[in-house]
Amino acid sequence: MGSFTTHRARAHDPGLSPVQRFNALCACLGEFAPYGFHATYHHLCRTAGIPPEPDEDPAAVLRAVEELHAAREVWMAGFLMWKGARRAQKAAGVRVPDPPEPRRRLWCPDPEFHPAEPLPVVMRQIMRAPAGDLARCPVCVAGRGTKTWHDGFTEHTLCTGCGVSLAGRATEPAPGVKAARAERWRLVWRRLA
């Protein structure tokens with residue numbers, strides 16, 4: 001298992017096949033996925049235009065990994081600033097961090113419904129979001145309302161503007177919903193949806 005930086009370098013390696021470079025992008029998503037793996041994957045495939053066969057457009061993987069890298073750089077800068085301030089707080093005997101550690105992810109449970117803006121732009125809003133359930137969407141800011149979405153196990157309250165989960169509650173698996181969501185994900189994974 002390598003780091004984000006290692007997998008990013010593999011995505012840029014011209015000596016690797018387009019499929020290997022695509023797999024390196026997926027490994028990067030395993031390390032850093034601001035909307036969760038599925039929704040971030042879908043976002044990057046859409047914005048970078050990754051075709052069903054990566055060798056049709058090898059540069060698409062580079063566009064995707066660079067957008068993800070830019071978002072990670074935004075988060076790292078904020079995290080390092082917080083870490084320095086936290087170190088000073090600990091030295092002063094402050095046990096509870098103030099402010100809390102910056103968020104690195106907002107959950108978008110529906111892989112096809114997530115913020116449309118570039119990841120680095122949204123990352124700034126994600127970092128400011130409070131921990132736990134959210135009273136309002138930190139991405140849309142203005143209240144656009146909510147809707148419920150069921151993934152087969154959890155009923156999520158989603159922002160109708162961008163798909164961010166504001167809250168969720170565990171429920172019994174709904175018949176058919178779980179299978180339908182899994183089939184839809186297979187299409188997204190193959191970049192056919």
Residues two or more places apart in sequence or in another chain: which of them pass salt bridge (Lys or Arg N to Asp or Glu O under 4.0 Å) with R128? none

What orientation do W149 and H156 show, parallel under 30°, tilted 30 to 60°, or perpendicular over 60°? tilted

Within residues 64-86 or reaching into it, pairs that qualify as salt bridge (charged side-chain N to carboxylate O under 4.0 Å, His left out) - sequence neighbours excluded: R8-E66

Does any pair with a residue in residues 77-106 pass ring pair (Phe, Tyr, Trp, His ring centres under 6.0 Å), and if so which ones, sequence neighbours excluded? W75-F79, F79-W82

To the closest 0.5 Å, what do you measure between CZ (R104) and CD1 (I126)? 11.0 Å

Pairs satisfying salt bridge (charged side-chain N to carboxylate O under 4.0 Å, His left out), at least one member in residues 155-172, at least two apart: E155-R169

Side-chain donor-acceptor contact under 3.5 Å, H150 with T171: yes

Tell me the closest heavy-atom pair linking R21 and A11, and the distance in Å. NE-O, 2.9 Å

If we ignore angles and hydrogens, is there a donor and acceptor under 3.5 Å between the side chains of R46 and Y41? no

Please list, chain by chain and in numerical order, all residues satisfying salt bridge (Lys or Arg N to Asp or Glu O under 4.0 Å) with R186, sequence neighbours excluded. E183

Geometric class of the Y35/H43 ring pair [parallel <30°, tilted 30-60°, perpendicular >60°]: perpendicular

Would you please name every residue forming a salt bridge (Lys or Arg N to Asp or Glu O under 4.0 Å) with R87, sequence neighbours left out? none

